[in-house]
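Before any comments, here is the structure.
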Amino acid sequence: MPTTQFRTSNGSLNQVDHDLRYTYKSFEKMPVRIWGSSDECSDNIARSIALAIRQKQQDNQSIVLGLATGSTPTKVYDALVRMHNEEGLSFHNVVTFNLDEYYTMRPESVHSYVHFMNEYLFNHIDIPKENIHIPDGTIDMDDISNFCSNYEKAIKVAGGIDIQILGIGRTGHIGFNEPGSWETSETRLVKLDNITRQDALADFNLSENVPVHAITMGIKTILKAKKIFLLAWGGHKASILKQAVEGPITSAIPASFLQMHSNIQVHSDAAGTAELTRKKTPWLVGMTNWNSDLICKAVVWLSQKLNKPILKLTGEDYNENGLSELILEYDSAYEINLQIFNRLQHTITGWPGGKPDADDSNRPERAEPGKKRVVIFSPHPDDDVISMGGTLLRLVDQGHDVHVAYQTSGNIAVHDHDALRFAEFTKDFLAQLNVPDDVFAKEYERIHNFLKKKKVGDTDMSEIASIKGLIRKGEASSAARFCGVPDENIYFLNMPFYETGSVRKQEISEDDIQIIKNLLTEVKPHQVYAAGDLADPHDTHRKCLNAVMQSLSELTEEDWIGDCWLWLYRGAWHEWRIDEIQMAVPLSPTELMKKRQAIFMHQSQKDKPPFPGSDEREFWQRAEERNRLMAKHYNELGLAEYEAIEAFRRYDFQSGPID
Ligand code: F6R
């Protein structure tokens, strides 16, 4: 019988072994492989494509690849380019057909899939130009149907697609086959789903700019490929991936048609597969290797499923919902209920920095030292207050030495009209001070002219980028000051990886890491808070977290590091599951209002920020609703009723990556 040891909710939980030895796949209707990281998987996919290319070369044959755009396949393309440069992989025998293109779309536009493919792949390899096929986004409406049937014919003449790469959209689309697309569909003009258009906003800045139509290969076209790789990374794909893999075949989830293909492979990561039954509720699939975290997950799940507080769950409830193994092990539901109830109870604290002089054996944080040095890392200039504004206020009120470090300038998320307003203010203010006219007036003219001519997707001139960065800096300073953080404890790190002027960022470099290390060694914190919000669509949070993790792991020789605890919070896009939480900080109605005021300091992000993501609500609304919902969840499990809760998970940075 597997061991079922409970542990308290203090730091020792970080050592939990997440490996589930007994996993079965009975709910899955397509083969799914779960990878440790998208990098590792993309390398492997690229290797198998390279192998296929080389095999065809040996037989003097060409190979036909079906290609996708979007964030999913980029690492596969990077790996192919690397193999071309370093291992002599040639693409002279490769013919490609892209899945889709926006309509209408000029190929020269930075938003075109022609531009995307050139940037990520074609410009860097030796593929003959005539072998590249991408639907033409400039074709006349009258000629579209002809164009589409010719696209189908061209695929056939080329011998059919040997390997098709696919991503999956949040609507369940493959290519741009949105819900409603049938298995008999071929290349055609389609209307984009509203969710797809919202997701595309990240690239187009304004919703008016996002095309309404696209030309896409059909489901039938895709299913004719000899081999298909469907890739999906990250938590924002988890729910749709589950529906595609485990749900019925339905035109409501076009990716579910892939279940009909005899040579399909699904590749994903831990976050992307989190909703699969074998991961989410493994006890429903087969024998389970129970540990304390998994028991907690199961009990919370049962309580939520039955809508019953934990302490009211009965043996029957356990037996009837696939959890009889637990009852066999523990004899009674009462014993399990009590332990999990206590575990959750112990996550709740009004003392996020630890309660001085109190018994801390059942508290999330250490009592000593009573006054802690705290560094809060905020990826963008407003993540600190949005995600943990209430906790920040408490830490300051309770006398800790709180430092806030804004990791990136956040300059791309400021509207042009705001930048112009501030430039005008500077010009007028200098004039009022009788500073000679031409000092800033000429600069202002240049800025004004640039913005007048600026087209969608144009990168800002450096002066405008810096005005935008300064706007966000001023807002962040005001918000941190409002929370009581002293000026000398507010840092703007301006990490270089972010400064590309566009949504696509660079990889984290040594310079980025050094900046974080310098701050950490200067402050020597007892607590570090960082955004563990890995679903950020722009990848900035992920990179910022990696930089913090890497910096901490490179500082393990420092004498203070043994006393340094890392707490992860989640931001505007994502929330912890209850069983993952190790510290829950309740907020009173007054504290919640104060947090709202701090978020309001970020005026450039109010009403309609340039990058709102797919959520219509403003950031303060999302934060409040999320914090209130968390309190409601705790209450429904049978714990005390609070107005709102901010939640954290402790991460042991010395013991490896988060699952
Ligand atoms: C791209 C395409 C789409 C994407 C899907 C996922 O050519 O046809 O189906 O694969 O929208 O997009 P990302 O990868 O950006 O999440």
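Read the numbers this way: they start at 1 and go in the same order the structure lists the ligands and their atoms.
- Annotation for ligand 1: atoms under 4.0 Å from non-hydrogen atoms of A68 are 7 (O).
- Side-chain contact annotation: D384 with Y406, donor-acceptor N/O pair under 3.5 Å present.
- Comparing D199, L231, I168, T69 against atom 6 (C) of ligand 1, the shortest heavy-atom distance belongs to I168.
- Short contacts between ligand 1 and L99, defined as distances under 4.0 Å to a heavy atom of the residue, involve ligand atoms 8 (O).
- Between D416 and K468 there is a salt bridge, since at least one side-chain N of the basic residue sits less than 4.0 Å from a carboxylate O of the acidic one.
- Residue nearest to atom 12 (O) of ligand 1, selected from E101, R170, K237: K237 (by heavy-atom distance).
- An N or O contact shorter than 3.5 Å is missing between Y113 and ligand 1 by distance.
- For the 3.5 Å distance criterion, the side chains of H415 and D418 fail to qualify, holding no donor opposite an acceptor.
- Close approach to G70 involves these atoms of ligand 1, each under 4.0 Å from a residue heavy atom: 14 (O), 15 (O).
- Applying the 4.0 Å criterion to heavy atoms of H173 picks out, from ligand 1, the atoms 3 (C), 5 (C), 9 (O), 11 (O).
- For D43 (side chain) and E40 (main-chain N/O), no donor-acceptor pair under 3.5 Å exists by modelled atom type.
- Annotation for ligand 1: atoms under 4.0 Å from non-hydrogen atoms of S71 are 13 (P), 14 (O), 15 (O), 16 (O).
- Ranking the protein heavy atoms by distance from atom 14 (O) of ligand 1 puts T72 OG1, 2.3 Å first.
- Listed for the H261 side chain is a donor-acceptor partner under 3.5 Å among the backbone atoms of L223.
- Checking R188 against S181 by side-chain atom types alone, a donor-acceptor pair falls below 3.5 Å.
- Of the protein's non-hydrogen atoms, D100 OD2, 2.4 Å is the one closest to atom 8 (O) of ligand 1.
- Side-chain atoms of S409 do not come within 3.5 Å of backbone N or O of N494 as any donor-acceptor pair.
- The option from P73, G175, G167 that lies nearest to atom 9 (O) of ligand 1, judged by heavy atoms, is G175.
- Counted by atom type alone, D199 and T196 present zero donor-acceptor pairs between their side chains at under 3.5 Å.
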